[in-house]
Enquirer: 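Have a look at this one before I ask anything.
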Amino acid sequence: MAEHNRHRISRRGMFQIAGGVAAAGAVGGMAVSLSGRDSAGAAQTDAPDSSPSTSSTAAPKAAFAHPGMLHNAGDLNRAKMRVAAKAEPWLAGWQRLTANRHSASTWKPNARDTIIRGGAGQNYGILFNDIHAAYQNALRWKIAGTKENAEAAVAILNAWSGTLTTLTGNADRFLASGIYGYQFANAAELVRDYPGFDLPRFKKMLLNVFYPLSDDFLKRHNGAFITNYWANWDLCNIAAIMAIGILCDDTAKFDRAVEYFKNGEGNGSIKHAVPFVYEDQGLAQWQESGRDQGHTVMGIGLMGSVCEMAWNQGVDLYGYDNNRLMKAAEYVAKYNLGGDVPFTKYTWGTGTRGDRREQAVISNIGRGQIRPVWELLHNHYARRRRISVPHVTAMAEKVRAEGGGGDYGANSGGFDQLGFGTLLYSK
């Protein structure tokens, strides 16, 4: 393992600890610090179904938990039990899922050999619609056990892995590699053991078509000055590399994503994405806050997704650098709820030479828009860790019950998050 990952405990060990707490009934009296920090005041909740059961056999050092991206076995089991019991808010989340046309088992894949995002001949909408259909069908199978939904998801994933060879376009191709790479991997993770799913071929597609673009972007940033691209560009590609690493049991890729999150040179690393912290207010300014609120909320959602995938593999990025993400999420939520927040002038370099640009005030463009990113953050900080995040909680309550792709408009922005956080993260 890389040195920076020295606080990472095995996933099996983490789940054994959580299971032991549940067995003892100590739901509110103990927390496990995955980052090595003191986590007094934090607590696991809903412990009986918060983690999968495991044997006491020691796991190999490089073992990954499966499923272990945006959802672990405990998340899925809890949702399954709560929906069966018709308990809220899980039932409302389930109804959002089943009402979405992408979740229908009758969905037919529309795989192509070449996908273009940006420039002439754009056709990437075909891809993101199919990805969300695969993910939503896989969720329906995991929660309700409906075989026809599993088979629909597998058919979509197999069609694309047997057809797609090229992901291209202008600079936006790097958004496609990141967003659709991590989303594709999450859909595949849910059905990775289902009969008929060609997992080896799907891994090959991700490694040959998506990963090279994500890797190249984080290394070279399309030949631009290091701060030219907004935080979202880095973050979606960090998410893709992490998700591909988990799906492929590739520790080096997973560790690289973690390292970039902590210390990367681009705007997606934590200290660049969250450049200013207002400790006295419990807030932190997001890098795109002077740009518009749609991309700001998107960025918060992407960073949350990276942190959740890392958490499910035993690495606490949520709490990294004294809960820096939490303070940024509070900042973004407060402003989008209509509150006032501080703003420090933000300057950066653009183009290939680093021409200077600056933003002196926060942007109100898109203020108050709804995206399905808040349940994940609320349920981690307020429920798992028992930390007060009043603005994030208020935003989660406003958005509840979260839908997914297809519920927030037909354009690509409505498919930037996989969603359904009320169903999957409520505790």
Side-chain angles (χ1 to χ4, degrees), residues 11 64-73 75-76 102 109 111 115 124 127-139 141-142 150 153-154 156-164 167 174-194 197-215 217-218 234-258 260-261 301-313 315 317 376 404-405 415-420 424:
R11 270 65 56 195
F64 282 86
H66 297 294
M69 291 189 206
L70 287 177
H71 317 301
N72 61 43
D75 294 331
L76 297 164
H102 292 78
I115 287 295
Y124 67 101
L127 177 61
F128 66 64
N129 275 281
D130 271 9
I131 291 172
H132 284 255
Y135 172 74
Q136 292 179 27
N137 271 279
L139 279 183
W141 167 63
K142 280 290 188 181
V154 166
I156 295 165
L157 299 174
N158 281 347
W160 281 95
S161 69
T163 305
L164 183 64
L167 187 59
F174 295 112
L175 292 173
S177 66
I179 297 170
Y180 310 135
Y182 101 85
Q183 291 180 349
F184 240 156
N186 268 275
E189 179 77 350
L190 293 173
V191 295
R192 63 181 296 131
D193 297 323
Y194 194 83
F197 177 44
D198 194 338
L199 180 59
R201 191 175 74 186
F202 196 85
K203 290 179 180 179
K204 183 178 179 181
M205 179 194 71
L206 289 178
L207 291 169
N208 291 344
V209 179
F210 289 85
Y211 175 76
L213 285 170
S214 293
D215 174 66
F217 185 78
L218 293 186
D234 269 7
L235 281 167
C236 66
N237 285 292
I238 294 169
I241 291 173
M242 179 175 285
I244 292 168
I246 294 168
L247 189 75
C248 298
D249 293 294
D250 188 327
T251 305
K253 287 182 175 56
F254 178 88
D255 285 350
R256 182 178 172 222
V258 170
Y260 197 99
F261 176 95
L302 283 170
M303 186 170 281
S305 294
V306 169
C307 291
E308 185 69 15
M309 290 190 290
W311 177 273
N312 284 329
Q313 297 301 332
V315 178
L317 298 181
L376 182 152
F415 293 81
D416 285 340
Q417 287 81 35
L418 288 169
F420 301 107
L424 275 306

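Computation of the quantities below employed the complete heavy-atom set of this structure, encompassing side-chain atoms and omitting hydrogens, waters and symmetry-equivalent molecules. Computed from a predicted model, the values in this text were never measured in an experiment.
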Enquirer: Is there a side chain to side chain contact (heavy atoms under 4.5 Å, CB included) between Ile115 and Leu164 once you walk through the steps?
Expert: CA-CA 8 Å; Ile115 287 295; Leu164 183 64; 3.8 Å; yes
Enquirer: List the atom of Leu70, the atom of Leu376, and the distance in Å for their closest heavy-atom pair.
Expert: CD2-CD1, 4.5 Å
Enquirer: Restricting to non-hydrogen atoms, name the atom on Gly68 and the atom on Asn312 that form the minimum distance, rounded to 0.1 Å.
Expert: O-CB, 3.8 Å
Enquirer: Applying side-chain hydrogen bond (donor to acceptor under 3.5 Å, both in side chains), can you list everything that pairs with Asn237, at least two apart in sequence or on another chain?
Expert: Ser177, Ser214
Enquirer: For residues Thr251 and Phe64, determine if any side-chain heavy atom of one lies less than 4.5 Å from a side-chain heavy atom of the other.
Expert: yes
Enquirer: Would you call the rings of Phe128 and Tyr180 parallel, tilted or perpendicular, where under 30° means parallel and over 60° means perpendicular?
Expert: tilted
Enquirer: So, the side chain of Ser161 versus the backbone of Asn158: is there a donor-acceptor pair under 3.5 Å, distance only?
Expert: yes
Enquirer: Whether the side chain of Glu189 engages the backbone of His66 through a donor-acceptor N/O pair (distance < 3.5 Å, no angle test) should be reported.
Expert: no
Enquirer: Go through Asn72 and Asp75 one step at a time and tell me if the side chain to side chain contact (heavy atoms under 4.5 Å, CB included) criterion holds.
Expert: CA-CA 5 Å; Asn72 61 43; Asp75 294 331; 3.5 Å; yes
Enquirer: Can you give me the closest heavy-atom contact between Ile156 and Ala134, atom names plus distance?
Expert: CD1-N, 3.6 Å
Enquirer: Salt-bridged, Arg256 to Asp215, with N to O below 4.0 Å?
Expert: yes
Enquirer: Measuring from Leu207:CG to Cys248:SG, what's the distance to the nearest 0.5 Å?
Expert: 4.0 Å
Enquirer: Go through it in stages, so that I can follow the logic: the residues are Leu139 and Leu424, the test is side chain to side chain contact (heavy atoms under 4.5 Å, CB included), and I'd like the CA-CA distance, side-chain angles, deciding distance and then a yes or no.
Expert: CA-CA 9 Å; Leu139 279 183; Leu424 275 306; 4.0 Å; yes
Enquirer: With a 4.5 Å limit on heavy-atom distance, are the side chains of Asp198 and Leu157 in contact?
Expert: no
Enquirer: Show the numbers, then the answer: is there a side chain to side chain contact (heavy atoms under 4.5 Å, CB included) between Tyr211 and Ile241?
Expert: CA-CA 7 Å; Tyr211 175 76; Ile241 291 173; 3.8 Å; yes
Enquirer: Can any side-chain N or O of Gln183 pair as donor or acceptor with the backbone N or O of Asp416 at less than 3.5 Å?
Expert: yes
Enquirer: Looking at every non-hydrogen atom in both residues, tell me the closest pair between Leu190 and His71 and how far apart they are.
Expert: CD2-CD2, 4.4 Å
Enquirer: Output all residues satisfying salt bridge (Lys or Arg N to Asp or Glu O under 4.0 Å) with Asp130, sequence neighbours left out; order by chain, then residue number.
Expert: none
Enquirer: Quick one: pull up CD in Gln417 and CD1 in Ile179 and give me the separation to the nearest 0.5 Å.
Expert: 8.5 Å
Enquirer: Would you give the length of the straight line joining atom CG of Leu199 to atom CG of Asp193, rounded to the nearest 0.5 angstrom?
Expert: 8.0 Å
Enquirer: Looking only at atom types and distance, does a side-chain atom of Arg192 sit under 3.5 Å from a main-chain N or O of Pro67, one as donor and one as acceptor?
Expert: no
Enquirer: Do you know which two heavy atoms are closest between Ala111 and Ala159, and how far apart they sit?
Expert: CB-O, 3.5 Å
Enquirer: So Gln136 and Phe420, do their side chains get closer than 4.5 Å, heavy atoms only?
Expert: yes
Enquirer: Could you please spell out the steps behind the ring pair (Phe, Tyr, Trp, His ring centres under 6.0 Å) verdict for Phe415 and His102?
Expert: CA-CA 11 Å; Phe415 293 81; His102 292 78; 5.5 Å; yes
Enquirer: Please report the closest heavy-atom contact between Ala185 and Leu247, naming both atoms and the distance.
Expert: O-CD1, 4.0 Å
Enquirer: As an exercise, state the distance from CG of Leu213 to CG of Asn208, rounded to the nearest 0.5 Å.
Expert: 11.5 Å
Enquirer: Among Tyr194, Phe210, Phe184, Trp160, find the one that has a ring pair (Phe, Tyr, Trp, His ring centres under 6.0 Å) with Phe202.
Expert: Phe184
Enquirer: Mind telling me whether Phe217 and Phe174 have parallel, tilted or perpendicular rings, with 30° and 60° as the class edges?
Expert: tilted
Enquirer: Listed by chain and number, what are the ring pair (Phe, Tyr, Trp, His ring centres under 6.0 Å) partners of Phe261, not counting sequence neighbours?
Expert: none
Enquirer: Atom CE of Met242 and atom CG of Asp255: how far apart are they, to the nearest 0.5 Å?
Expert: 9.0 Å
Enquirer: Can you tell me if Glu308 uses its side chain to pair, donor with acceptor, with the backbone of Met69 under 3.5 Å?
Expert: no
